[in-house]
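Protein chains get the first letters and strands the later ones, always in sequence-line order, with residue 1 at the start of each. These values consider heavy atoms only, across backbone and side chains, with no hydrogens, waters or symmetry-generated copies. Here the structure is a predicted model, which is why all the values come from computation and not from measurement.
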Amino acid sequence: MNLFSKKDAKSMTVAEQFVSKVEQEALSNKIRVYAPMILLVFMTIVFSIYDSHFFSLKNLVNVLGQMAVPLILATGLTFVLLLGRIDLSVEGVMGLVGSAISLLVLNSRNANDWGIWGVILPLLLGTLCGFITGFLHVKLKIASFIITYAISTIVSGVAVLLYNSRPATVKAQWIIDASQTYFLKIPLITWIAIIFYLICAVILNYTAFGRAVYAIGDNEAAAAASGINVQKVVIEVFVLSGFAASLAGLVALIRLKLGQVSLGENQMFPCITALVVGGTSLNGGKGGMLQTMVGILIYMELLNFLTIIGVSADYKNAIQGVIIIIAVALTITRGRKVIAK
Amino acid sequence: MEKTKPSFKSLFVQNIYILSAVLVIVVFYIINPSFLSLYSIQNMTTELAPLLPMACGIAFVLYAGSIDLSIGAVASAVCVITGLNVGDMGNIMILYMLLFGVMIGLINGLLVSKGKLPSFIVTLCAQSIYRAIAIILSNPHGGGSKNIPLKQRVVVNWATDKILGLPILFWIAIGILLICIVIERKTAVGKSIFAIGANEKAARMAGVNVTLTKICAFILCSVGAAIGGIMYTYKLKSSVPTIGDNLYMMAISSVALGGTLFSGGKGSALRTLVGVLTVTAISSGMNMAGVNPLWKNVVYGVVLIAAVAINSEKGGRDLIIK
């Protein structure tokens with residue numbers, strides 16, 4: 001009934017209506033894809049005009065140095081968000097892995113000196129956390145945000161227990177050296193982040209696994225019907241996210257050299273902000289690695305700018321909260337109910 | 001025979017929350033018989049008082065099939081504002097803070113229902129905003145927690161006085177529980193909240209005002225969080241900007257332990273009471289058994305997973321958070 005009355009009012013055939021609707025959607029999709037990039041360019045120009053220090057090589061290197069942790073986390077989270085899930089456990093896993101490494105390599109608290117194994121074993125531990133999260137999420141059918149929230153609480157609790165409220169300082173020379181190594185003026189840790197990002201971009205865009213992630217995020221039932229092992233892919237994505245969080249924990253430890261739970265504090269929320277601002281949908285199926293990079297760059301520029309003009313850290317958190325609500329309101333696809341499975 | 005078997009099983013699952021509460025209390029009583037002494041019970045009821053309104057509040061949002069992650073941060077903000085001003089302004093602060101809670105709930109509810117944004121994101125943002133407010137407001141006072149000056153304690157001391165051996169705060173919490181039960185069972189708002197949680201489309205077709213109902217659910221939730229924050233100020237006699245950091249976890253674990261489904265449409269305040277009792281018993285029991293307090297978070301996480309896993313509908317619809 002509605003359709004007919006509309007047709008009469010606009011004197012269009014159904015086919016014409018359909019065509020115009022498709023065209024409109026294609027246009028709004030295009031705008032949605034390019035808007036974050038335009039925003040990034042726009043922000044760079046405005047900030048440069050406002051403060052001449054902003055667009056300097058020194059500041060660029062500074063921004064790149066701070067980018068390592070958010071980029072690694074966001075890369076892992078991209079897969080999770082593409083599935084329409086969410087992973088709140090990354091902060092806890094970061095804290096756990098950072099604390100574990102600081103206790104296993106040469107440190108101020110105990111006599112351990114496991115060398116490279118002191119890094120590899122905690123990384124495996126963090127990846128195992130990702131596996132447990134994914135396994136419980138899939139097998140027990142618990143919503144991802146609840147299970148990951150619970151896991152985050154558990155692992156950060158375990159981390160504090162590991163160092164018993166007295167965090168260890170890293171004394172291993174090779175980790176201290178790693179924090180002071182630069183290549184082309186860019187810190188080594190940023191190179192680690194960029195390499196991880198590129199590998200994940202290849203996995204997402206050129207493998208069957210990557211296509212399965214998009215398919216499941218778009219329509220889980222259809223993906224299952226077409227023969228994709230949904231449970232397996234979901235678990236693998238959580239394993240990947242767990243590994244990303246572990247790597248981020250290592251990088252954060254290299255920067256701070258003090259192994260405590262707060263390594264991961266206030267890291268997850270900005271990353272999700274950046275992903276959503278970049279154009280990755282929380283409903284799943286939309287987004288990608290390019291959007292992730294644009295989102296992270298927007299976030300880092302904003303953060304850098306707020307620091308340059310002298311906004312304190314507490315206000316930054318509040319400002320981020322306001323920004324993400326606006327960004328989500330502008331970018332989210334309306335009408336779909338399932339948000340965090 | 002075949003019919004009775006699943007019904008017994010479902011009866012067992014439905015009432016497992018009582019079993020778990022009894023189990024926890026018995027275990028801690030065996031470990032340490034003074035667990036059920038008068039002093040210990042007085043202690044537990046004081047601890048339980050602020051948690052109960054918060055859990056009852058967030059339960060309304062869960063009945064409606066949404067979530068509110070901001071309650072801990074709201075409690076922190078309210079605790080700081082009350083603590084810093086109650087000495088000068090007196091008990092009228094309670095009224096202002098309740099209005100503050102209504103305002104927060106209204107904003108969250110409007111963004112979720114009118115703005116059609118996922119409650120998860122809206123309240124996650126709200127969390128970071130109110131947490132920042134709590135910290136920013138306490139910074140001029142040296143950051144961290146600040147005691148209410150001894151001279152002004154008279155204003156807040158009434159709250160920890162005892163009636164029938166139990167603190168007034170506890171009786172207030174019980175009063176709030178009764179109000180929640182009335183809202184759930186006797187009012188149109190309560191019934192509408194359950195209706196949209198069970199099936200939003202059907203509820204809309206049946207003439208339920210979904211927008212208004214959701215806003216009401218969020219207001220009830222934030223007011224509950226505000227009451228929790230006020231109670232912490234009166235209990236601790238100081239403003240603590242980080243008080244809410246673990247409260248969200250405790251409140252949501254309590255509700256889950258009571259068997260309230262995260263997919264909406266089911267639950268009751270009485271079940272929440274049992275859940276809050278269990279969580280408080282675990283916390284106090286571990287203190288008395290001399291367990292390292294750092295274990296608490298680990299235990300809550302495991303309890304939450306177990307509770308949700310037992311109560312979730314197997315093979316039914318997936319858990320959906322709108």
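- In this structure, the portion of A/Leu136 lying under 4.5 Å from any heavy atom of chain B is its side chain and not its backbone.
- Scanning all heavy atoms of the two residues, the minimum distance from B/Ala225 to B/Met54 falls at CA-CG, 3.9 Å.
- Outside the 6.0 Å centre-distance limit, the rings of A/Phe131 and A/Phe238 are not counted as a close aromatic pair.
- Chain A forms more heavy-atom pairs under 4.5 Å with one residue of B/Asn297, B/Val302, B/Val299 than with any other, namely B/Asn297.
- Only the side chain of B/Tyr248 comes within contact range of chain A, with heavy atoms under 4.5 Å apart.
- Options B/Ile136, B/Leu111, B/Ile135 differ in how many heavy-atom pairs under 4.5 Å they form with chain A, and the most are formed by B/Ile136.
- In terms of non-hydrogen atom pairs under 4.5 Å with chain A, the most contact-rich of B/Asn292, B/Val122, B/Leu124 is B/Leu124.
- No part of B/Ile133 comes within reach of chain A, as not one of its non-hydrogen atoms sits under 4.5 angstrom from that chain.
- Of the possible polar contacts, one joining the B/Ser138 side chain to the B/Ala134 backbone as a donor-acceptor pair under 3.5 Å is found.
- At least one side-chain heavy atom of A/Val93 sits under 4.5 Å from a side-chain heavy atom of A/Ser246.
- Contact annotation for A/Val322: both backbone and side-chain heavy atoms come within less than 4.5 Å of a heavy atom of chain B.
- With respect to chain B, the highest number of heavy-atom pairs below 4.5 Å among A/Val160, A/Val158, A/Leu161 belongs to A/Leu161.
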(request) Check the pair A/Glu265, B/Arg131 against salt bridge (Lys or Arg N to Asp or Glu O under 4.0 Å), reporting the backbone distance first and the verdict last. (result) CA-CA 13 Å; A/Glu265 248 168 38; B/Arg131 192 181 279 172; over 6 Å; no
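- With a 4.5 angstrom heavy-atom cutoff, B/Leu304 touches chain A only via side-chain atoms.
- Among all heavy-atom pairs drawn from B/Ser192 and B/Val208, the shortest one is CB-CG1, 3.7 Å.
- Using a 4.5 Å heavy-atom cutoff, the side chains of A/Tyr299 and A/Pro270 are in contact.
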